[in-house]
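Reading through the structure tokens given below for one structure.
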Amino acid sequence: MASRPAFLSGFLNANAVRSNYLNSQLEFAVESYPSEKKATKFRKDVPSQPQFFYGSTSDLSSASSTFYRASPVFSGSDHDTVPSQNQDVRSLVVRSEGKQPPADPKPHTPLLDTIKYPKDMKHLSISQLQQLANELRTDTIWQVSKTGGHLGAGLGVTELTVAMHYVFDTPHDRLIWDVGHQCYPHKILTGRRDRMRTIRQGGGLSGFTNRFESAYDPFGAGHACTSVSAAVGMAVARDLAGHNNHVIAVVGDGAMTGGMIYEAMNNAGYLDLDKLIVVLNDNGQVSLPTGTPMAGGAAPVGALASSLSRILASSPFEDVRNAAKEAAKLLPKPLQEAAAKADEYARGIFTGGTLFEELGFYYVGPVDGHDMATLVPIMESLRDRKSKGPVMLHVVTEKGRGYRPAELAPDKYHGVVRFDVRTGKQEKPKEQAPSYTKIFAEALIKEAEEDGRIVAITAAMPGGTGTDLFAKKFPERCFDVGIAEQHAVTFAGGMAAEGFKPFCAIYSTFLQRGYDQVVHDVALQNLPVRFIMDRAGLVGADGATHSGAYDLTYLGSLPNMVIMAPADEVELYHMIATAAAINDRPSAVRFPRGNGIGLELPTKGKVLPIGKGRIVRKGEKVAILSLGTRLAESLNAADSLKEFGLNVTVADARFAKPLDHDLIRQLAREHEVLITIEENAIGGFSSHVLHFLALEGLLDNGLKVRPMVIPDRFIEHNKPEIQYDEAGLNAAHISATVLAMVGENPHGKALLQTWSSSLGGVLVGQQS
């Protein structure tokens, strides 16, 4: 094992720098009230809770400065306004000339206003870097309050973001974020601050890192656990090209639970790559808190999360530490504090080698990720180190740091809609109907109440999949495996092999990550695993990285697979009951993000006949065969086509596999035009229907068929209704397609041509 450099012994020196910096900060401030003035000593026992201040900015280091205290902005509580130990309050002052503060003020960020790109911060001192971090955090909170988006993770890496851009030469040095939703402060510092109000909106910034958006985003990251593999690839390419830049991967917010991280680290250690740094952003998250993780708490899942705790609590190590503590009590108080700090780092040094150094990484940490005076010199030492091999820097951060509501409830402030900065209250619209996610959970709970063999499995998305609700009812029958979809699928297969009924709830986009396991470990063995694919189709603000547009294609090719897609919430209830009853093969249910259409739910779902659809409306000449929630748009199109004298048949396929051959034959023989529509890319339901029609000879007698699918391109973030307009899958597009096919109707031709132009000139009719 390589010897540790001298800078590790310099931690106490770094802390001395930090202490000197703190002593240079304001000792007290005078708060103005209508009836009195009083001086309030800054309390050092209060956690970081930035506030907005109003008033004079002159001579802030003196007691004569006056601050007009507004109601608490970031804390959501009534305690006195107190900056953190590191905080330069000048970054939080808003000039108001003694006037009452505005209801929703833009924060005063004088230093941040001078920073457009990282090169603009290279001259700053440590204290100025901390001020910049404070302003950056304030600005991030304010920006996200206007747009919604990911909040907590970015607040936790603010100091880390500033330090990395200060120490390293980005974008020449490659900085990769994993997962990309930590990157909001990074975007603000890299030339995109003026566009932050467009984030996750049509034509605006992506909510994740995006190679097409900025040179400072060398690798896109909407899915977790990819950064180290990409970094290793970049480092090898760098060496082959004869370049000398650093490659830094920031792994955080649960990404460390993914097996791909360790595969890449193993490879990096073997290659002994230089100038490769992996930063472990340890914020205590193993499950992404898109809801309350599991039943009754937010404790991280998995042995990894508790391994350090177990080692540090072991008797031999504890005996040594206790002896050292007793000896330290004989020292003066300042040296006792220094010894306690040394103990913290010693624990990191002791435990780091148990895992990361065995993978070939030089381990440093744990380091306080909010202490700029420590972060910067450590990173500078790592940047300049002469020893060979990759480095792991373990940084401990607090998710939601600096915004009290997010600190108290990191699960609720992981991703947010627009919110009131002062109170933290989110502007969630009143729902007219429950979400499909919640309906799935309720339906599964009802099935599980009658069948003790039913279990739920998720991969770090309990809130997003509804399994958190199941866990509250059946905590011993719900399993969150972390960001490990491959393991989740095979784990479910193992349970199915032992006679249990696993419901493996994974977003459509994330099930892609476990596809080999779906094929080899489940389908090939014909094990009755039930895959529940939330977020099927287009997903809105999360954009192309989270699009569930491919599952009908990648699952539809597997023998024996049953695939269902409900048209509404009642159908979802029935399909969960149907999946619970399928015990001889694997099955899947796909449904979209969002809410139902407001139908009254049954007490319990009923088992549907496998592979049988239904005719919803009987007509003539034209038939629309819909799979999934495009049924409502199909019915709307049928209504509008009555104005043109067309009485359209509308059918709900229910099953993508097995197909309802009898229904398809009936529609083909009784109609001149058949349109299929689905929320999936090319190669899904429509392809199976066309294949069947061709083999049956049903295309030989003049039947006109048009498949309507998501176009063969990635559709970027926007509102879902706009995305489906862009995809050409709303009622107007269905009507235009029908009119263009029936009697060469010029009105339909014109509508279809307009839509076709927006899709790059590809007519729907050409997709068949």
Under 3.5 Å donor-acceptor, Tyr184 side chain and His150 backbone: yes
Below 3.5 Å, can you tabulate the donor-acceptor pairs from side chains in residues 604-616 to any protein atom, sequence neighbours excluded?
from	atom 1	to	atom 2	distance (Å)
Lys604	NZ	Glu447	OE1	3.4
Lys604	NZ	Glu447	OE2	3.0
Lys612	NZ	Asp662	OD2	3.1
Arg614	NE	Asp652	OD2	3.0
Arg614	NH2	Asp652	OD2	3.1

Could you give the distance from CG (Leu151) to NZ (Lys412), rounded to the nearest 0.5 Å? 14.5 Å
Using only atom types and a distance under 3.5 Å, with no angle test, would you say the side chain of Gln432 pairs donor to acceptor with the backbone of Ile597? no
Nearest 0.5 angstrom please: Thr509 OG1 to Ile506 CD1, how far? 11.5 Å
Minimum heavy-atom distance Val689-Leu625, with the two atoms named: CG2-CD2, 4.4 Å
Considering only heavy atoms from C-beta outward, does the side chain of Pro602 approach that of His574 to under 4.5 Å? yes
Quick one: does Asp217's side chain have a donor or acceptor within less than 3.5 Å of a partner on Phe219's backbone? no
If you draw a 6.0 Å radius around NZ in Lys428, do more than 12 non-hydrogen atoms from other residues or ligands fall strictly inside? no
If you compare all heavy atoms of Thr465 against all heavy atoms of Ala505, which two are closest, and at what distance to 0.1 Å? CG2-O, 3.5 Å
Are Met260 and Ser229 side-chain neighbours, meaning at least one heavy-atom pair lies under 4.5 Å? yes
Ala580 and Arg530: which non-hydrogen atoms are nearest, and at how many Å? O-NH2, 3.6 Å
Short side-chain to backbone donor-acceptor contact, Thr649 and Gly619, under 3.5 Å: yes
Minimum heavy-atom distance between Pro586 and Ala523, given as atom pair plus value: CG-CA, 4.2 Å
Side chains of Ile675 and Met708: does their closest heavy-atom pair fall under 4.5 Å? yes
Whether Lys187 side chain and Ser206 backbone form a donor-acceptor pair below 3.5 Å: yes
Taking ring-ring contact (aromatic ring centres under 6.0 Å, His included) as the test, write out the residues that go with Phe474, two or more places apart. Phe470
Would you say the side chain of Gln486 lies within less than 4.5 Å of the side chain of Asp516, judging by non-hydrogen atoms? no
Interatomic distance, Glu716 atom CD to Asn210 atom CG [nearest 0.5 angstrom]: 6.5 Å
Full working for side chain to side chain contact (heavy atoms under 4.5 Å, CB included) between Ile677 and Leu627: CA-CA 6 Å; Ile677 185 166; Leu627 178 74; over 6 Å; no
Does atom CG (Asn701) have a neighbourhood of more than 12 heavy atoms from anything else shown, all under 6.0 Å? no
Give the C-alpha distance, both sets of side-chain angles, the deciding distance and a yes or no for salt bridge (charged side-chain N to carboxylate O under 4.0 Å, His left out) between Arg630 and Glu679. CA-CA 7 Å; Arg630 289 296 96 186; Glu679 298 158 326; 3.0 Å; yes
So, for Gly148 and Ile199, which heavy atoms are closest and what is the spacing to 0.1 Å? O-CG2, 4.2 Å
Using side chain to side chain contact (heavy atoms under 4.5 Å, CB included), reason through Asn680 and Ile710 one step at a time and then give a plain yes or no. CA-CA 6 Å; Asn680 195 80; Ile710 294 174; 5.5 Å; no
Glu485 vs Leu511 side-chain heavy atoms within contact, under 4.5 Å: no
For Arg200, is there an ion pair with Asp542 - N to carboxylate O distance below 4.0 angstrom? yes
Heavy atoms from other residues, nucleotides or ligands near CZ of Arg211 exceed 12 (cutoff 6.0 Å): no
When you look at Arg192 and Glu213, which way does the side chain to side chain contact (heavy atoms under 4.5 Å, CB included) test go after all the steps? CA-CA 9 Å; Arg192 287 168 278 184; Glu213 190 176 287; 2.8 Å; yes
salt_bridge(Glu670, Lys621) N-O dist < 4.0 Å: no
Return the set of residues passing ring-ring contact (aromatic ring centres under 6.0 Å, His included) with Tyr515 (not counting sequence neighbours), or none when no residue passes. Tyr554
Got Met495 and Thr490 here, is their nearest side-chain heavy-atom distance under 4.5 Å? no
Working for side chain to side chain contact (heavy atoms under 4.5 Å, CB included), residues Val518 and Leu555: CA-CA 9 Å; Val518 173; Leu555 292 182; 3.8 Å; yes
Distance check, rounded to the nearest 0.5 Å: Thr629 atom OG1 versus Arg593 atom CZ? 14.0 Å
Without swapping roles, check the side chain of Lys657 against the backbone of Ile563 for a donor-acceptor pair under 3.5 Å. no
Residue pairs, two or more places apart or on separate chains, that pass ring-ring contact (aromatic ring centres under 6.0 Å, His included) and touch residues 615-634: none
Least distance between heavy atoms, Ala656 atom then Leu552 atom: CB-CD2, 3.8 Å
Could you grab the distance from atom OH of Tyr507 to atom CE of Met533, nearest 0.5 Å is fine? 14.5 Å
Where at least one partner belongs to residues 521-546, residue pairs that pass ring-ring contact (aromatic ring centres under 6.0 Å, His included), sequence neighbours excluded: Phe208-His546, His223-His546, Phe510-His546
Are the side chain of Gln723 and the backbone of Gly540 linked by a donor-acceptor contact shorter than 3.5 Å? yes
Enumerate the ring-ring contact (aromatic ring centres under 6.0 Å, His included) contacts for residues 679-719, please, sequence neighbours excluded, ordered by first and then second residue. His661-Phe692
Side chain Ser508, main chain Ala536, donor-acceptor under 3.5 Å: no
Side chains of Asn636 and Ile734: does their closest heavy-atom pair fall under 4.5 Å? no
With a sphere of 6.0 Å drawn around NZ of Lys446, does it hold more than 12 non-hydrogen atoms of other residues, nucleotides or ligands? yes
Minimum side-chain heavy-atom gap Ile483-Met461 below 4.5 Å: no
Charged N to carboxylate O under 4.0 angstrom, Glu726 versus Arg713? yes
Is Glu678 paired with Arg590 through a side-chain N to carboxylate O contact shorter than 4.0 Å? no
Can you tell me if Ser435 and Asn595 form a side-chain donor-acceptor pair at under 3.5 Å? no
Can any side-chain N or O of His671 pair as donor or acceptor with the backbone N or O of Leu667 at less than 3.5 Å? yes
At what distance, to the nearest 0.5 angstrom, does CZ of Phe503 lie from OG of Ser587? 7.0 Å
Is the backbone of Asp521 close enough, under 3.5 Å, to the side chain of Gln525 for a donor and an acceptor to pair up by distance? yes
